[in-house]
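As the structure is a computational prediction, the values presented were derived from the model and not from experiment. Below, chains carry the letters A, B, ... as their sequence lines are ordered, and counting in each starts from 1. Every heavy atom of this structure was used, including side-chain atoms; hydrogens, water molecules and symmetry mates were not.
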There are 2 protein chains.
Amino acid sequence: MSDSATTANDSSVQERLAASDLAREPVFLAIRLSSRGSADANRALAALGLKVRHYAVLALACSDLRPTQRELSQFLYLDPSQIVGLVDELEGRQLVQRRPDPRDRRSKVIVATASGRRFYAEARATVSTANEETLAALAPDDRDQLIRLLAAVAF
Amino acid sequence: MSDSATTANDSSVQERLAASDLAREPVFLAIRLSSRGSADANRALAALGLKVRHYAVLALACSDLRPTQRELSQFLYLDPSQIVGLVDELEGRQLVQRRPDPRDRRSKVIVATASGRRFYAEARATVSTANEETLAALAPDDRDQLIRLLAAVAF
DNA sequence: TATTGTTATACTCTATAACTATA
DNA sequence: TATAGTTATAGAGTATAACAATA
């Protein structure tokens, strides 16, 4: 399920769908929100040359978690081999660094550089604007509620 | 973001992540629910030889919407060329039929056969069980609330 | 001239297995 | 013997363009 349809986003088309059984299934609805949300976020991030997955890695590199690549793969449900490429790209743009882990020399801790932090602040604002767009149909209270419920399922 | 990590699902790993900024971003959370939900649903549907996208097409073929392939592509945010293959597989298993659209001979209406309807009932029960698993962390009221909010965003 | 279903093709994403260096 | 990062490769999923039939 993704964002590739041709003439979609016709509101009457979506209204017809809303009447179906499918439209009451939580997994189906989550897939839709996810694909719309990541399409919106990717569109916004494209101006910065990022995709959501780069953004997610950068966000964690800016956090105080000091994650290893292995941990990034666990946090993001991505294969360790995919983290390699994402870190490569971010490192090539000097947004993050690979640092030896003093506790285990096999591991590499991924930390943001100073410019990586500045860039993240910018990206975060961009994503936040995209989120506004995605969740425009909800009142502020409902957004908070949605975030709370999603977090409860996710963790 | 998908379901490919190696030793993930360690609850302490997820607790650490819950403390990050990322864990408050609705799009990130939706991606997680979507990937977990579709992984659960796909696992359940595998016993029936279906994936969620086949299931979605079958569900709409069983509805009273009587969708054309073009409409299916709009409903599911899939490219028309992808609908072809999904309908081919379902038709090969005699679960759905392509019927000429009397109103436009270019179009083909996709309708479920009798055995398609029986099969859908079974698949629906299976998916429902998988949903229970995915949403186990939520109380019934919270589940209803989540579905309501997701539907409000999706339509 | 535009649209529906279809085919073909290229591209991205995902999954898997191996290799190296460390543990 | 097992694990972290890496590489390579195959497979699935996605995007794009073209074509025949019909509008």
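Atom C1' of nucleotide C/dT7 and atom CG of B/Leu86 are separated by 15 Å, given to the nearest angstrom. Going from atom CD1 of A/Ile83 over to atom P of D/dT6 covers 11 Å, rounded to whole Å. Regarding A/Asp79, its CG atom lies at a distance of 12 Å from the C1' atom of D/dA4, rounded to whole Å. In this structure, the CG atom of B/Leu78 is 16 Å from the C1' atom of C/dT6, given to the nearest Å. If you take CD of B/Gln69 and C1' of D/dT22, they are 15 Å apart, rounded to a whole angstrom. Separating the OH atom of A/Tyr77 from the C1' atom of C/dA15 is a distance of 17 Å, rounded to the nearest angstrom.
Put simply, CG on A/Leu48 and OH on A/Tyr55 are 10.5 Å apart, with the number rounded to the nearest 0.5 Å. Here the CG atom belonging to B/Asp104 is positioned 8.5 Å from the OG1 atom belonging to B/Thr68, to the nearest 0.5 angstrom.
B/Gln14 and B/Arg32 form a side-chain donor-acceptor contact under 3.5 Å, judged by distance and modelled atom types alone.
Contacts of residues 97-112 of chain A with DNA chain D (heavy atom under 4.0 Å): A/Arg98, A/Arg106, A/Ser107, A/Lys108.
A salt bridge links B/Asp142 and A/Arg148; the closest N-O separation between the charged side-chain nitrogens and carboxylate oxygens is under 4.0 Å.
Without hydrogens or angle criteria, B/Arg143 side chain to B/Leu138 main chain gives a donor-acceptor distance under 3.5 Å.
OP1 or OP2 of C/dT14 sits under 4.0 Å from a side-chain N or O of A/Gln82. For C/dT3, the OP1/OP2 oxygens have no side-chain nitrogen or oxygen of B/Arg70 closer than 4.0 Å.
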>> For a salt bridge (charged side-chain N to carboxylate O under 4.0 Å, His left out) check, start with the C-alpha distance between B/Arg124 and A/Glu25, then their side-chain angles and the critical distance, and finish with the verdict.
In response: CA-CA 10 Å; B/Arg124 192 164 146 76; A/Glu25 298 204 22; 3.4 Å; yes
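Side-chain to base pairing of A/Ser81 with C/dT14: no donor and acceptor N or O lie closer than 3.5 Å to each other.
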